[in-house]
Amino acid sequence: MAEAQVKNAALLAVLCLASAASWNYLVRTSQIDPAPISLLPSPPMRDGIYAPNEKLEKAEKIGLGLVHGPEDFALDREKKSLFTGCEDGWIKRVWFDEGRVENWTFVGGRPLGVAVGKNEELIVCELRRGLLNVTKDNVEVLCNEAGGSKLKMPDGVDVSKDGVIYFTDASYKYSPAKFELEVFEYRPHGRLIKFDPTTKTATVLLKDLYFSNGVALSAQEDFLVFCETFIFRCRKYWLKGEKSGKIETFLENLPGFPDNVRVDAEGTFWIGLLGRRTLLWDLTVKYPAFRHVLVRMWSIINPYVLFKKGAILNLNENGEPIAFFESKRPLITGGVRLGNHLYFGGILDHSLNSLELP
Ligand SMILES: *[C@@H]1O[C@H](CO)[C@@H](O)[C@H](O)[C@H]1NC(C)=O
Ligand SMILES: *[C@@H]1O[C@H](CO)[C@@H](O)[C@H](O)[C@H]1NC(C)=O
């Protein structure tokens, strides 16, 4: 009897030592230096405005099989079509009247944020080359560095009526191939940048942002809103008036991961959410050590485990939620509203989606 107990105790001790050693090895060889982060408790998501729904499932698919992983959307000036950047490096133009998909311009790489410029050119954030000026027959790099650091993850963009470009770089530290390191390190490597096409200069407006993603000017262009995806927050940056240059909260503690943001003709904001905030993610944030494991396992993690149910959230100018449209699938990145239609999509989609609004 006693002998068996000794054996068990020895076995337990060996197991403990082995797991301590492997944990130590995991942390010591980890590629990240994860920051402790504290988030506000998640907002109520069982009832109220964020109650689960599948409203986006009623959408009609346009150009199925021709629009792969549409990430962001920009309406043309006449509102007859929209542009979107796809995972195959194409900018596709979708015409609303006949639902025709035009292979507009091949930019290569991974086009993310898109916005129509002053001369009807398309300004594109492309992950590898930076900020691009794209026309039907030309692609030109406008900028690939700011404030002395190269753009590593140019992500969201908007253009003012007088042609000034505002865009984000989600990280000056990690390139897209190291996306998971950026996400799980949880340190502020993001920037908001202004590019003036007349002087061709880039100015860093804000730094130390947490994965700065989508950006959109308000209808009056007196402020802009930018999203910080992995801390569930959107903030306002004032461009005009007495608060010019100041930052304010637009909406924090979102029900999911905000990606792109767009403004409609009435001045309301439409934000794509990659997925619902989950308990698993909250634990990830709370326990930095857990993130070493996730980084190690990243290549085998199915996105459906971490991201569930993408959505589009509509907010008024004061950042108050008006409507919440959820999907069954994750990784919805954004949408634009035109009249009584919401056009949206995400990186797992193979079409543009069109939802008739009530
Ligand atoms: C447009 O691109 C798609 C792939 O995204 C391809 O299947 C299709 O043949 C192209 N159409 C034309 C007219 O080149
Ligand atoms: C983009 O290129 C077009 C055509 O070359 C030009 O008219 C336009 O001014 C350029 N836009 C910017 C922001 O440089």
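Start at 1 and go down the list; that is how both ligands and their atoms are numbered.
In summary, the side chains of Ser351 and Asp349 do not present any donor paired with an acceptor at a separation below 3.5 Å, with no hydrogens or angles considered. Using a 3.5 Å distance cut-off with no hydrogens or angles, the side chains of Ser327 and Glu57 do pair a donor with an acceptor.
Near Pro197, with a cut-off below 4.0 Å to any heavy atom, the atoms of ligand 2 are 13 (C). Heavy-atom proximity to Lys92, at under 4.0 Å, picks out these atoms of ligand 1: 1 (C), 2 (O), 3 (C), 4 (C), 5 (O). Set against the non-hydrogen atoms of Asn119, the atoms of ligand 2 under 4.0 Å away are 8 (C), 9 (O). Near Leu142, meaning under 4.0 Å from one of its heavy atoms, ligand 2 places the atoms 14 (O).
The nearest protein heavy atom to atom 5 (O) of ligand 2 is not closer than 4.0 Å. Using a 4.0 Å threshold on non-hydrogen atoms, atom 9 (O) of ligand 1 does not count as touching the protein.
A salt bridge is absent between Glu185 and Lys178: the closest approach of a Lys/Arg side-chain nitrogen to an acidic carboxylate oxygen does not fall below 4.0 angstrom.
The protein non-hydrogen atom at the shortest distance from atom 7 (O) of ligand 1 is Leu66 CD2, 4.3 Å. When hydrogens are left out, the protein atom nearest atom 13 (C) of ligand 1 is Asn103 ND2, 4.4 Å; that is the closest non-hydrogen contact.
If you take OG on Ser38 and CG on Leu40, they are separated by 7.5 Å, rounding to the nearest 0.5 Å.
Within a 6.0 Å radius of CD in Gln220, no more than 12 heavy atoms belonging to other residues, nucleotides or ligands are found.
For the pair Arg277 and Phe232, the cation-pi test (distance below 6.0 Å, angle within 45°) is passed.
Counting heavy atoms from C-beta on, the side chains of Ser218 and Lys236 never come closer than 4.5 Å. No side-chain heavy atom of Glu78 sits under 4.5 Å from any side-chain heavy atom of Glu120.
Looking at Glu121 next to ligand 2, an N or O pair under 3.5 Å apart turns up. Considering backbone and side-chain N/O atoms, Asn133 comes within less than 3.5 Å of an N/O atom of ligand 2.
Contacts of Asp88 with ligand 1, taken as heavy-atom pairs under 4.0 Å, involve the side chain alone.
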